[in-house]
Amino acid sequence: MNYWLVKSEPEEFGYDDLEKAEKSMWEGVRNYQARNNLRAMAEGDQVLFYHSRQGLEIVGIAKVVTEAYPDPTAEKGDWSVVDLAPVRRLKQAVSLQEIKSREELEELGLVRNPRLSVMPIPDEAYQLILKMGGE
DNA sequence: GCCAACGTTGGC
DNA sequence: GCCAACGTTGGC
């Protein structure tokens, strides 16, 4: 299984919206690197859900329920979406500050390229973040 | 194919 | 709300 992280502004679509929706098409990614990451996701992969702009913390875990398919909201170009479903909230959200303060997480995409909206998370980093989240 | 200009993202 | 960093666009 692979691990990922997606970012969303809670005002636009936060983790509570995902819980309410039960399942959500992850639409609107218009960055090639992020798109390629979407395409690399497999059904069942786990996805950390990060709140950008407001919150600045990882609030919960989602999972991939449908692998990449063409983005129906794309008017032109070759874009993809996956379907995500909520798994559970972290007992405590893991803030960007905490992540930045961890030497082991220095290489994380979230720190190195804060503008990438879909990124892979190495196994060890994933486990550490869950631990930081009180799991 | 280079690079300046522009648009967008997201931390602060 | 500002602005730095990054990606994309388009003129040459």
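The chains referred to below are lettered A, B, ... by the order of the sequence lines, with proteins before strands, and numbering in each begins at 1. Just so we're clear, the structure is a prediction, and the values are computed from it rather than from any experiment.
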Requested in this report: Can you sort out the partners of E19(A) under salt bridge (Lys or Arg N to Asp or Glu O under 4.0 Å), two or more places apart, ordered by chain and number?
Outcome: R89(A)

Requested in this report: List for me each residue that meets side chain to side chain donor-acceptor pair (under 3.5 Å) alongside E22(A), sequence neighbours excluded, and say none if there are none.
Outcome: none

Determine all donor-acceptor pairs shorter than 3.5 Å in which one atom belongs to a side chain in residues 117-128 of chain A; sequence neighbours excluded.
residue: D123(A); atom: OD1; partner: Q127(A); partner atom: NE2; Å: 3.3
residue: Y126(A); atom: OH; partner: Q46(A); partner atom: OE1; Å: 2.7

Query - With Q92(A) via side chain to side chain donor-acceptor pair (under 3.5 Å) - residues at least two apart - result: none

Would you give me the side-chain donor-acceptor pairs under 3.5 Å for residues 49-63 of chain A, sequence neighbours excluded?
residue: H51(A); atom: NE2; partner: Y15(A); partner atom: N; Å: 3.0

Contact list (N/O, under 3.5 angstrom) for nucleotides 1-6 of chain B vs protein:
none

What pairs of nitrogen or oxygen atoms, one from the protein and one from nucleotides 8-12 of chain B, lie under 3.5 Å apart?
residue: dT8(B); atom: O2; partner: R115(A); partner atom: NH2; Å: 2.6
residue: dT9(B); atom: O4'; partner: R115(A); partner atom: NH2; Å: 3.3
residue: dT9(B); atom: O2; partner: R115(A); partner atom: NE; Å: 3.3
residue: dG10(B); atom: OP1; partner: K7(A); partner atom: NZ; Å: 3.4
residue: dG10(B); atom: OP1; partner: R115(A); partner atom: O; Å: 3.3
residue: dG10(B); atom: N7; partner: R53(A); partner atom: NH1; Å: 2.7
residue: dG11(B); atom: OP1; partner: Y50(A); partner atom: OH; Å: 3.0
residue: dG11(B); atom: OP2; partner: R53(A); partner atom: N; Å: 3.1
residue: dG11(B); atom: O6; partner: R53(A); partner atom: NH1; Å: 2.1
residue: dC12(B); atom: OP1; partner: K100(A); partner atom: NZ; Å: 2.9

Requested in this report: Please list all pairs passing the ring pair (Phe, Tyr, Trp, His ring centres under 6.0 Å) test where one or both residues lie in residues 93-125 of chain A, with sequence neighbours left out.
Outcome: none

Report task. Report the residues that fulfil ring-ring contact (aromatic ring centres under 6.0 Å, His included) with Y69(A), sequence neighbours left out, ordered by chain and then residue number. Result -> none

